[in-house]
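Below: the structure, in structure tokens.
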There are 2 protein chains.
Amino acid sequence: MDAAWEVARERGLAEITLREIADRIGMRAPSLYTHVASKNAIYDAMFGEAWTQYADEVSRVEADLPQDLAGTLRAYADHFVGFATREPVKHLLMNQRTIPGFEPSADSYAPAVAVMTSFAEHLAPRGITAQEDVDLFVALVGGIADTQLANEPGGDRWTRLIPRAIDMFVRDLEDRNR
Amino acid sequence: MDAAWEVARERGLAEITLREIADRIGMRAPSLYTHVASKNAIYDAMFGEAWTQYADEVSRVEADLPQDLAGTLRAYADHFVGFATREPVKHLLMNQRTIPGFEPSADSYAPAVAVMTSFAEHLAPRGITAQEDVDLFVALVGGIADTQLANEPGGDRWTRLIPRAIDMFVRDLEDRNR
DNA sequence: GTCTATACACCGATAGAC
DNA sequence: GTCTATCGGTGTATAGAC
């Protein structure tokens with residue numbers, strides 16, 4: 001797995017080859033089939049590993065979440081966009097599913113579901129229960145991360161808009177409840 | 001080109017092969033090299049063709065744009081997301097650049113630049129001149145399109161949030177100018 | 001000029017020897 | 001469990017027929 005991530009970061013997620021992974025661990029490519037069923041099974045394991053790591057990190061964020069809604073959304077957004085820019089390859093695999101022919105298995109998808117469930121559970125007591133509210137927030141934060149990575153990887157032209165975006169979103173919620 | 005789009009829509013953008021394109025037009029694969037320099041040159045031509053079509057469509061949208069800012073942004077957003085959901089393969093090639101090793105040439109990139117320039121020129125007289133305002137709008141609308149396509153292709157769970165998103169964004173602009 | 005035929009290096013994957 | 005040998009398929013390249 002370490003070798004797979006290494007190759008993915010160096011050459012691109014879609015460009016990993018079994019021969020290159022095998023080379024790095026002193027093996028021949030066909031020998032990998034003793035441990036994994038296919039190349040897609042490697043992507044599946046990477047998908048599960050990435051989401052498990054994300055779930056671990058987000059649980060630490062949730063451990064000391066502020067009480068107010070704006071601060072809570074800000075903490076989630078900062079962590080999500082921070083993860084995406086820190087680990088663009090993992091973000092690509094987890095959220096943009098662009099690998100030809102790869103569909104995550106139920107097992108490796110489970111931690112992703114857990115993250116979303118926990119997210120909803122922490123938002124509810126702070127006043128967000130409607131699915132549309134969560135959906136708009138997800139699109140807004142995801143749009144910032146994706147636009148940043150696509151147009152200016154390594155920069156902050158879009159990530160610095162996060163505070164404004166949160167503020168805009170929270171005021172929208174307040175106006176709608178008025 | 002028609003055959004290339006056909007294969008891309010049927011099997012996926014990254015899955016097109018020269019042999020399959022050639023088959024559809026009654027040719028052998030190597031004969032394609034008489035007309036194009038490489039497979040990436042085909043992607044490049046597709047990229048240019050897609051952005052040219054988008055520019056044509058958007059120029060018709062701009063031909064009868066309302067005077068107010070909210071209506072204008074709504075027209076742009078509706079068209080962008082409509083195009084993305086109507087032509088997901090073109091959207092992928094144009095805006096998510098996930099094809100291994102493909103970088104658009106300056107020529108094929110030109111219509112994309114023209115679209116953004118015209119966009120800015122139509123926003124300025126309606127009160128939007130700051131780059132941050134344009135950036136946030138782009139991220140917001142792009143996030144809605146991408147989230148819709150990634151999580152529920154063919155549905156409207158996110159696209160129906162467009163009116164609310166525009167309203168939220170315009171009220172943010174008004175509040176900031178107050 | 002445009003095509004066919006053929007070849008090369010690489011890919012994921014499988015069979016079978018040890 | 002790891003290896004070698006090999007398969008069909010891929011992008012790419014070139015020689016040569018018409």
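Heavy-atom basis, side chains included; hydrogens, waters and symmetry copies ignored. What you see is a predicted model; the values in this text were computed from it and never measured.
Within 6.0 Å of the CG atom in Asp56(B), the count of heavy atoms belonging to other residues, nucleotides or ligands exceeds 12. Enclosure of atom CZ in Arg28(A) is not indicated, since only 12 or fewer non-hydrogen atoms of other residues, nucleotides or ligands lie within 6.0 angstrom.
Dashed line: the shortest gap from a side-chain N or O of Ser31(A) to OP1 or OP2 of dC3(D) is under 4.0 Å. The phosphate of dT2(D) has OP1 or OP2 within less than 4.0 Å of a side-chain N or O from His35(A).
One atom, CZ of Arg28(B), and another, P of dA5(C), lie 6 Å apart when rounded to the nearest Å. Counting to the nearest Å, the P atom of dC3(C) and the CG atom of Leu32(B) are 9 Å from each other.
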> Along nucleotides 6-18 of chain D, 5' to 3', which nucleotides get a B, which get an S, and which get a -, given that the test is a protein heavy-atom distance under 4.0 Å?
Replying inline: ----BBBBB----

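Between Phe83(B) and His79(B), the two ring planes are tilted [angle within 30° to 60°]. Ring orientation note: the planes of Phe47(B) and Tyr109(B) are close to parallel, at an angle under 30° on the 30°/60° scale.
Take His122(A) and apply the ring-ring contact (aromatic ring centres under 6.0 Å, His included) test, not counting sequence neighbours, and it matches no residue.
A donor-acceptor contact closer than 3.5 angstrom links the side chains of Gln53(A) and Glu57(A).
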